[in-house]
Amino acid sequence: VFGKDITLILILNNLSFDHKTVKVDMSASTVLYTRRAVAEILKANTSVDLGSKEGKHIRLKIPYSYYGKYLTTDKRIQVTALCEVMHMHGAKLLVEKTIILEDTNIIIKVPRRVVVNKAVTLEISYANPLPEPVNRCVLLVTLMNQQVKIHLAKLAPKERSKIYFEFTPRRTGPLQLQVDFSCDKFSHVKGFVTIAVAPA
């Protein structure tokens with residue numbers, strides 16, 4: 001989840017009866033959705049001895065403080081591990097994983113029944129998942145082809161807050177409401193909900 005430390009585990013298994021030594025070079029970079037690297041955030045290497053038919057786990061931790069300021073709006077981190085078996089004519093294996101960090105920041109609560117031409121109030125809650133305060137918070141609400149920009153108070157670390165948003169639906173059927181939350185440390189955290197508008 002965005003704002004938290006990331007822990008990964010690489011599992012190495014020796015499928016043969018021979019003792020093996022594996023050199024592991026690990027790296028992590030923030031990337032765009034096109035996989036183009038933005039910034040390298042972690043580099044680590046280790047060596048693992050594997051006995052006959054033995055398996056071992058290598059734990060890799062990426063703290064938020066390493067990736068936070070380099071993350072793009074795509075919220076992707078690419079992790080690679082190059083595993084080289086020593087004394088085996090340079091046998092190599094490359095393991096790659098792309099992590100897409102989830103947002104759990106926006107929660108939209110809609111009343112059970114929404115009726116056309118009758119005012120309705122929604123509860124929109126938003127959060128700062130980071131271990132540091134955020135400023136210049138803005139909520140952009142898009143509904144019925146109109147956008148409303150709401151400037152919010154700053155949020156303390158891990159703080160959740162909420163606002164109430166009132167509108168009157170002018171037609172029956174499905175209505176989509178989209179919410180976009182941005183601040184000085186991250187941007188475009190989105191939430192959306194489809195509202196079923198009933199006849200009067």
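These numbers come from the heavy atoms of this one structure, side chains and all, not from hydrogens, waters or symmetry mates.
- Evaluation of the side-chain contact (heavy atoms from CB on, under 4.5 Å) rule for L94 yields T80, L82, E96 as partners, not counting sequence neighbours.
- Side chain to side chain, S29 and E40 fail the donor-acceptor criterion of an N or O pair below 3.5 Å.
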**Asked** Given the rule in the side chain to side chain contact (heavy atoms under 4.5 Å, CB included) test, do K118 and V197 qualify, once you have shown the distances and angles that lead to the verdict?
**Response** CA-CA 10 Å; K118 191 174 176 187; V197 182; over 6 Å; no
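- Ring-plane geometry between F186 and F181 is classed as perpendicular, the angle between the planes exceeding 60 degrees on a 0 to 90 degree scale with a lower cut at 30.
- Not a single donor-acceptor pair under 3.5 Å links the side chain of N14 to the backbone N or O of E54.
- Of the possible donor and acceptor atoms, none in the side chain of T172 sits under 3.5 Å from a partner among the backbone N and O of P199.
- In this structure, a donor-acceptor pair under 3.5 Å is absent between the side chains of S47 and D49.
- Sorted by first and then second residue, the side chain to side chain donor-acceptor pair (under 3.5 Å) pairs with a member in residues 135-144 read T142-Q147; sequence neighbours excluded.
- Around the CZ atom of F165, the shell of radius 6.0 Å holds more than 12 heavy atoms that belong to other residues, nucleotides or ligands.
- Under the 3.5 Å distance criterion, the side-chain polar atoms of S52 are left unmatched by any main-chain donor or acceptor of D18.
- Using modelled atom types, one finds no donor on one side chain facing an acceptor on the other under 3.5 Å when comparing R76 with T98.
- L50 and L15 fall into different hydrophobic clusters, where Ile, Leu, Val, Met, Phe, Trp and Tyr residues are linked whenever their side-chain heavy atoms come under 4.5 Å apart, directly or through other members.
- A continuous path of Ile, Leu, Val, Met, Phe, Trp and Tyr side chains, each step under 4.5 Å between heavy atoms, connects I62 with Y64, placing both in one hydrophobic cluster.
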**side chain to side chain contact (heavy atoms under 4.5 Å, CB included) evaluation trace for I124 with L139** = CA-CA 10 Å; I124 302 171; L139 212 57; 4.0 Å; yes
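- The environment of NZ in K158 is crowded: more than 12 heavy-atom neighbours from other residues, nucleotides or ligands sit within 6.0 Å.
- With no hydrogens or angles considered, no side-chain donor-acceptor pair links E159 and Y126 at under 3.5 Å.
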**Asked** Passes side chain to side chain contact (heavy atoms under 4.5 Å, CB included), L122 versus V193? Steps please.
**Response** CA-CA 11 Å; L122 308 175; V193 68; 5.7 Å; no
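- Stacking of K53 on the aromatic ring of F17 is recorded, both the 6.0 Å distance cut-off and the 45° axial limit being met.
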